[in-house]
Amino acid sequence: MCGIFAISSKENIIDDLFLGVFYLQHRGQQYCGLSTYADGKINIRTHRGLVRATFTNDLGGMEGTIGIGHTALKDRQPIKLDSKMGEYTICFEGNVINLAELIDELKKQGHSFYTDSDIEVIAKLIAQGDNFVDGIEKMAAKIRGAYALVILSKGKIYAARDKYAFRPMIIGKRAGAVAISSESCSFENLGFSIDRDVKPGEILEIEDSKYTTVKIIPAEFTQHCAFEWIYTANVASTIDGLSVDIARRNLGAALAKRYPVDVDIVTAVPNSGIGHAIGYAQESKIPFDNAFIKYDYASRSYTQPTQAERDREAKVKLVPVPAKIKDRSLVICDDSIVRGTQMKNDLVVKLRKNGAKDIHVRVACPPLKAPCKYGVATRTKKELAAHQKTVEQVREYINVEGLAYNTLEDLGKALGKPLDQICTSCWTDEYRV
Ligand code: SF4
């Protein structure tokens, strides 16, 4: 997972670029990078670590009126290339499924590779174009998978979203400036308003704080990642016309309607389970209370690079609130159950130790059956609890009195989108792209 931000303004953008990327930190916490253009020169700087921790005192020399930025789980971006179109920097979110074939093909054409990363292949494919738009089209015709990308060339930005629109990408405007972001939560505190989402297959050219559509690559269907609303995106964001907060409340309400249970409180696995739990509480008229708080200085466990780090962070980040738990029966809402180990070994243990009575788990998405091929770091098939076990077996495994998941149909209704317009491969194990 990654976050992308780009901005063009009549004034120096470096503070806004820094903050725009900072507000996407939840999409990746291992690397971050910024690139700006000023005085005929493209500047680039990347760091390992969090945006605020690494860039706060390291923005000197990066001033400019146009720039792009990135925050990532996996690799340092932007990267810089020199080509027949001149120097450019590029950053990307997504996954190239046919990466190995493309690397072989490019090697046969005489290319050498510095890494085996998606971004290097994408950048080299784009560099084969007559210009950036032609290059993006050529790249799009070659790759199988998902992408959202921005390119900074001398004085211009190009932004592109794949024709299935797997990954979110949105345009914001304020007086004298335009921005492109993975999520609209970047816009709020920078004074931008949502203009619209980047359309499926759209290529934008951004110059002098204005954007123009230069191409739309046609597609037969869209495949918006349903997981964005369930877990990945920030609750303050609106993606493809649907508020993440409202989507989560709808999902929680659907669980309450289909799987009611008589308990003392509804609680959440924070933070991403909170919206689902509020929706469940509002629909069931059972009070919401916080049995756990997420410790403010902990990280997002899912965006840690290794399983050991994910397990450690998951254990550290959730602190039980004993007074909210003792002698109470409860529904606890979570966005998803991946392996079930956190629920079994951490949350349920902490709830029982603090005197919880019956524990009923409600899960916002259907049982996860398959890994993601489109750039979200879900596990291998055999790691997924629901791939190997029935719902009843998962319930026994995590040691709770009740367990229920939203159905796929309820998921589609909660998102207000036909199931053939969203990606549901995690749950169906069927891949349309
Ligand atoms: S497979 Fe799942 S996580 Fe991946 S794009 Fe589809 S819905 Fe999103």
Side-chain angles (χ1 to χ4, degrees), residues 1-4 24 26-28 72-74 92-99 118 140 143-149 161-170 182-183 197-198 200-201 219-234 237 239-242 244 247-248 250-251 254 272-273 276 300-304 310 334-339 363-387 405-433:
M1 292 182 341
C2 315
I4 292 171
L24 299 174
H26 57 284
R27 298 184 73 84
L73 174 64
K74 207 172 74 174
F92 141 96
E93 178 184 23
N95 190 44
V96 179
I97 297 170
N98 55 338
L99 187 72
D118 296 354
I143 73 160
R144 249 186 78 219
Y147 67 84
L149 63 85
R161 191 179 185 193
D162 71 67
K163 62 183 181 175
Y164 306 107
F166 276 103
R167 308 264 68 86
M169 195 176 221
I170 192 158
S182 297
E183 287 186 44
D197 294 282
V198 177
E220 319 77 62
F221 53 87
T222 59
Q223 286 282 272
H224 303 309
C225 170
F227 228 80
E228 290 283 347
W229 290 284
I230 296 165
Y231 168 79
T232 315
N234 188 284
S237 292
I239 296 174
D240 291 303
L242 177 63
V244 173
R248 289 186 189 167
N250 291 348
L251 287 158
S272 50
H276 307 298
R300 207 176 194 194
S301 48
Y302 205 71
T303 54
Q304 302 302 309
R310 285 192 285 273
D334 203 354
D335 52 84
S336 57
I337 289 184
V338 182
R339 296 178 305 151
V363 187
C365 68
L368 288 167
K369 301 266 187 203
C372 176
K373 295 185 179 176
Y374 309 117
V376 179
T378 47
R379 310 290 171 257
T380 60
K381 219 176 225 185
K382 68 173 195 281
E383 289 176 292
L384 299 171
H387 173 66
Y405 298 79
N406 258 324
T407 64
L408 206 51
E409 290 67 33
D410 284 350
L411 170 66
K413 279 187 204 148
L415 302 186
K417 298 188 186 296
L419 285 175
D420 62 357
Q421 297 294 309
I422 53 177
C423 178
T424 55
S425 302
C426 295
W427 305 292
T428 60
D429 200 8
E430 289 164 13
Y431 300 87
R432 296 175 77 192
V433 175

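Start at 1 and go down the list; that is how both ligands and their atoms are numbered.
- Using a 4.0 Å cut-off between a side-chain N of Lys or Arg and a carboxylate O of Asp or Glu, R27 and E228 qualify as a salt bridge.
- Ligand 1 places these atoms under 4.0 Å from at least one heavy atom of C372: 1 (S), 3 (S), 4 (Fe), 5 (S).
- Counting the atoms of ligand 1 from 1 in the order shown, those under 4.0 Å from a heavy atom of S425 are 1 (S).
- Between A385 and I337, the shortest heavy-atom distance links the atoms CB-CG2, 4.5 Å.
- Within ligand 1, the atoms closer than 4.0 Å to a non-hydrogen atom of A226 are 7 (S), numbered from 1 in the order shown.
- Looking at A146, G145, C423, C426 and measuring to atom 3 (S) of ligand 1, the nearest heavy atom belongs to C426.
- Interface of C225 with ligand 1, defined as ligand atoms under 4.0 Å from a residue heavy atom, comprises 3 (S), 5 (S), 7 (S), 8 (Fe).
- With sequence neighbours excluded, no residue satisfies ring-ring contact (aromatic ring centres under 6.0 Å, His included) with Y405.
- Evaluation of the ring-ring contact (aromatic ring centres under 6.0 Å, His included) test over residues 414-433, restricted to residues two or more places apart or in two chains, returns F227-W427.
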message = Test salt bridge (charged side-chain N to carboxylate O under 4.0 Å, His left out) on D429 and K381; report intermediate values, then the result.
response = CA-CA 10 Å; D429 200 8; K381 219 176 225 185; 2.7 Å; yes

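- In the vicinity of Y374, heavy-atom distances shorter than 4.0 Å reach the ligand 1 atoms 5 (S).
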